[in-house]
Structure formats: C-alpha cells, structure tokens
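All values derive from a computational prediction rather than experimental measurement.
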Amino acid sequence: ETKDSFRASNGGQTQTSSIFAQGGWEFLPGWMASLGGRQEWWNTYNGFNNTATVTNNMPDRDYSKFSPKFALEYGPAPWYFQVSLAQAWRFPMPGEMYETITPTNNATITTASNMRPENGFAKGFLVRRTIDRGEVSVNFFEKDIRDLIYSQTLINSQGALATTFLNIDRARSRGIEVSLKQRDFVLPKLDASVNVSYVNSKILENTNDPAIIGHSLLLLPSWRLNSLNTYHVTDQWDVSGGVRYSTQPFFSFQNNDYI
C-alpha cells in the first residue's frame with residue numbers, strides 16, 4: 001500500500017545562545033558574597049502546523065533574557081549559613097509549542113505557538129553544622145514561577161477534551177529539606193547519607209482554567225526520603241544499600257487522583 005497524503009504535520013526549531021559570569025568577594029573574615037548572571041538569546045523559527053488541505057506557517061519569535069543570582073555566606077566554624085537569590089528563565093521546546101493533538105472525535109487542538117518563557121525566582125536559606133564525623137543541614141527554599149509551562153486539559157471549540165501545553169500564570173513551591181551525613185553511623189565502618197524533604201506547591205493564578213487555582217502542581221510528591229548507606233567490610237570491599245520513598249503525587253490539576 002502506497003501512502004501519498006498526510007492528515008497533519010507540525011514542527012519547528014529553536015536555538016539558544018548564552019554567556020555566564022560569576023565572581024566572589026570575601027569582604028570580611030568568614031563572609032563571602034557571590035554575584036553572577038547568565039545572558040541568553042533564544043529564538044524559534046521554521047514553525048508550521050499543516051493539515052492535508054491547509055498550510056499554516058508560524059511566525060518566528062525571539063527573546064533576550066538576563067538571569068541574575070546572588071549568594072551571601074557566613075561560616076563561623078562549626079556553623080555555616082547561606083542566603084541565596086536567583087532568577088532563571090526556561091524557554092519552550094518545539095514539542096511544547098507546535099505539537100498537534102487529535103482527540104477521538106477528530107477535533108484538533110494545537111499548542112500555542114506564542115507561548116511565553118517561564119520566569120522563575122528562587123530563594124533559599126541554608127544552615128549547616130559540622131558534627132563528629134559528619135555534618136547536618138537544614139535548607140529552607142521557595143520558588144515562584146510565572147508563566148509556568150504545563151500540560152493542561154481543556155475543551156476546544158468542537159466540544160472535545162484535549163490536552164495541550166499552555167502557560168500557567170503563576171505557581172509557587174516552598175518547603176524544607178533536612179540532611180545528615182556521617183561516618184561510623186551507629187556502627188563502626190558504616191557511613192550514612194540521609195535526607196528528607198517536604199514541598200508544598202500551589203497554583204496561584206491561571207487565566208486558562210481558574211478552577212484549578214489553589215490546587216497542587218502535578219507529579220510533585222509532598223514528602224520524599226532518600227537514604228544511602230555504605231558498610232566498609234574490608235579495605236577492598238564495600239557493601240551499599242539505599243532506600244527511596246515518596247508520597248503519591250497528583251496526576252490531574254483537579255487533585256482528585258494519584259499516581
């Protein structure tokens with residue numbers, strides 16, 4: 001059988017160029033300030049969304065974005081403190097902008113070719129203390145993202161449910177992570193590395209679907225636990241074992257199901 005026609009075709013290209021610089025300054029004994037930044041130039045071109053009867057070329061677009069970062073460290077032994085601030089941009093990928101999805105009733109919905117880049121601002125406060133044969137740390141973190149790129153399910157003009165990538169106006173994740181690393185933990189020759197974290201995520205603004213405002217983000221467990229332990233049997237032989245645990249994340253923005 002020879003196929004000489006197509007139902008739909010879509011695609012496009014992106015390109016990113018960037019430059020990064022960072023410097024540090026110890027302005028007082030035990031005090032260190034770091035300042036850095038990344039300049040990015042992004043553009044998308046050759047985008048198209050064609051059907052068997054219609055040719056639809058997408059407009060070329062470009063962005064120029066700067067992402068600064070700053071950290072302040074103070075380390076009076078055995079303590080260490082760090083405050084960090086950072087902005088970061090994430091540009092959409094071709095599949096997120098140009099992919100066409102056809103539901104069962106043949107009603108087609110296409111991702112927005114004018115999708116905006118994500119604009120994230122992260123804050124962190126780290127406290128670490130050296131202990132006998134190891135260290136323990138507590139990290140408080142928060143990330144606020146505008147124009148978050150996420151897959152959403154909407155009803156198109158033909159009344160069909162279809163999933164597509166769209167911008168969520170604003171979302172926030174904040175949490176805490178506690179870590180422990182220690183040699184000869186409980187038993188001689190046993191090294192342990194354990195961390196547990198809690199994250200609370202929430203959609204704060206969403207023009208496309210206001211009903212999901214206040215709901216949690218997808219695929220992001222609230223609790224996670226990781227443990228890697230190594231026992232040094234001899235100078236030549238080690239035995240290692242690890243444990244990972246996470247609570248069930250949501251799979252839909254309605255937050256009425258779990259994976």
message = Apply side-chain hydrogen bond (donor to acceptor under 3.5 Å, both in side chains) to residues N229 and S227 and explain how you reach the verdict.
response = CA-CA 7 Å; N229 306 294; S227 176; 3.1 Å; yes

inquiry  = Walk me through whether M93 and F165 qualify under side chain to side chain contact (heavy atoms under 4.5 Å, CB included).
reply    = CA-CA 10 Å; M93 296 181 293; F165 286 96; over 6 Å; no

task = Determine, step by step, whether D169 and T207 satisfy the side-chain hydrogen bond (donor to acceptor under 3.5 Å, both in side chains) criterion, reporting the C-alpha distance in whole Å, the side-chain angles of both residues, the deciding distance to 0.1 Å, and the verdict.
result = CA-CA 7 Å; D169 295 328; T207 304; 2.5 Å; yes

task = Determine, stepwise, if the pair D62 / W42 fulfils side chain to side chain contact (heavy atoms under 4.5 Å, CB included).
result = CA-CA 5 Å; D62 63 88; W42 175 90; 5.6 Å; no

key: Chi angles and distances behind the side chain to side chain contact (heavy atoms under 4.5 Å, CB included) call for E135, Y80   = CA-CA 11 Å; E135 64 181 34; Y80 171 83; over 6 Å; no

query = What's the verdict on side-chain hydrogen bond (donor to acceptor under 3.5 Å, both in side chains) for T14 and T44, showing C-alpha distance, side-chain angles and the deciding distance?
reply = CA-CA 4 Å; T14 62; T44 179; over 6 Å; no

Test log, rule side chain to side chain contact (heavy atoms under 4.5 Å, CB included), inputs R146 and E205 = CA-CA 9 Å; R146 295 187 179 272; E205 302 172 21; 4.2 Å; yes

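No single ILVMFWY cluster, assembled from side-chain heavy atoms under 4.5 Å apart, contains both V239 and V194. Using a 4.5 Å cut-off between side-chain heavy atoms of Ile, Leu, Val, Met, Phe, Trp and Tyr, with links allowed through other members, Y245 and V178 fall into the same hydrophobic cluster. F125 and M32 are members of different hydrophobic clusters when ILVMFWY side chains are connected at heavy-atom separations under 4.5 Å. By the rule that hydrophobic residues join a cluster once side-chain heavy atoms approach within less than 4.5 Å of another member, V83 and V127 end up as members of one cluster. Under the 4.5 Å side-chain heavy-atom criterion for Ile, Leu, Val, Met, Phe, Trp and Tyr, F20 and F70 are members of distinct hydrophobic clusters.
For the residue pair V199 and P221, the shortest heavy atom distance occurs at CB-O, 4.3 Å. The two residues K69 and G37 come nearest to each other via the heavy atoms CG-N, 4.4 Å. Nearest heavy atom pair, residue N57 against residue F48, reads OD1-CB, 3.9 Å. Nearest heavy-atom pair, N46 versus D60, reported as atom, atom and distance to 0.1 Å: N-OD1, 3.5 Å. Between S67 and W89, the closest heavy-atom pair is OG-CD1, 3.1 Å. Nearest approach of Y231 to P188, heavy atoms of both residues: CE1-O, 3.4 Å.
N167 contributes a side-chain N or O that, together with a main-chain N or O of R116, makes up a donor-acceptor pair within less than 3.5 Å. Judged purely by atom type and a 3.5 angstrom limit, Y150 uses its side chain to pair as donor or acceptor with the backbone of L218. The main-chain N or O of L217 is found under 3.5 Å from a side-chain atom of S201 such that the two form a donor-acceptor pair. Formation of a donor-acceptor pair under 3.5 Å by the N255 side chain with backbone atoms of S216 is found in this model.
Classification of the F27-W31 ring pair by plane angle, with boundaries at 30° and 60°, yields tilted.
Contact check for I168 versus I145: no side-chain heavy atoms found under the 4.5 Å cut-off. Contact of the N195 side chain with the N226 side chain is registered, since non-hydrogen atoms from C-beta on lie closer than 4.5 Å. Put simply, the side chain of L72 does not reach to within 4.5 Å of the side chain of Q82, judged on heavy atoms. Looking at heavy atoms from C-beta onward, L85 lies in side-chain contact with F121 at the 4.5 angstrom threshold.
The line from CZ of R128 to CH2 of W79 is 12.0 Å long, rounded to the nearest 0.5 Å. Rounded to the nearest 0.5 angstrom, R61 CZ and M97 CE are separated by 6.0 Å. Taken from CD1 in I149 to CD in E118, the straight-line distance is 4.5 Å, to the nearest 0.5 Å. Once rounded to the nearest 0.5 Å, the distance linking CH2 of W41 with CZ of F66 reads 10.0 Å. Once rounded to the nearest 0.5 Å, the distance linking OG1 of T247 with CG of L225 reads 11.0 Å. Here F253 contributes atom CZ and I203 contributes atom CD1; the two are 4.5 Å apart, rounded to the nearest 0.5 Å.
Annotation for I19: atom CD1 does not count as buried by contact number, only 12 or fewer foreign heavy atoms lying within 6.0 Å.
Partners of Q39 by side chain to side chain donor-acceptor pair (under 3.5 Å), not counting sequence neighbours, listed by chain and number: S64.
Applying the ring-ring contact (aromatic ring centres under 6.0 Å, His included) definition to pairs two or more places apart or across chains, those involving residues 174-226 are Y198-W223. Evaluation of the side chain to side chain donor-acceptor pair (under 3.5 Å) test over residues 170-186, restricted to residues two or more places apart or in two chains, returns E142-R174, D144-R170.
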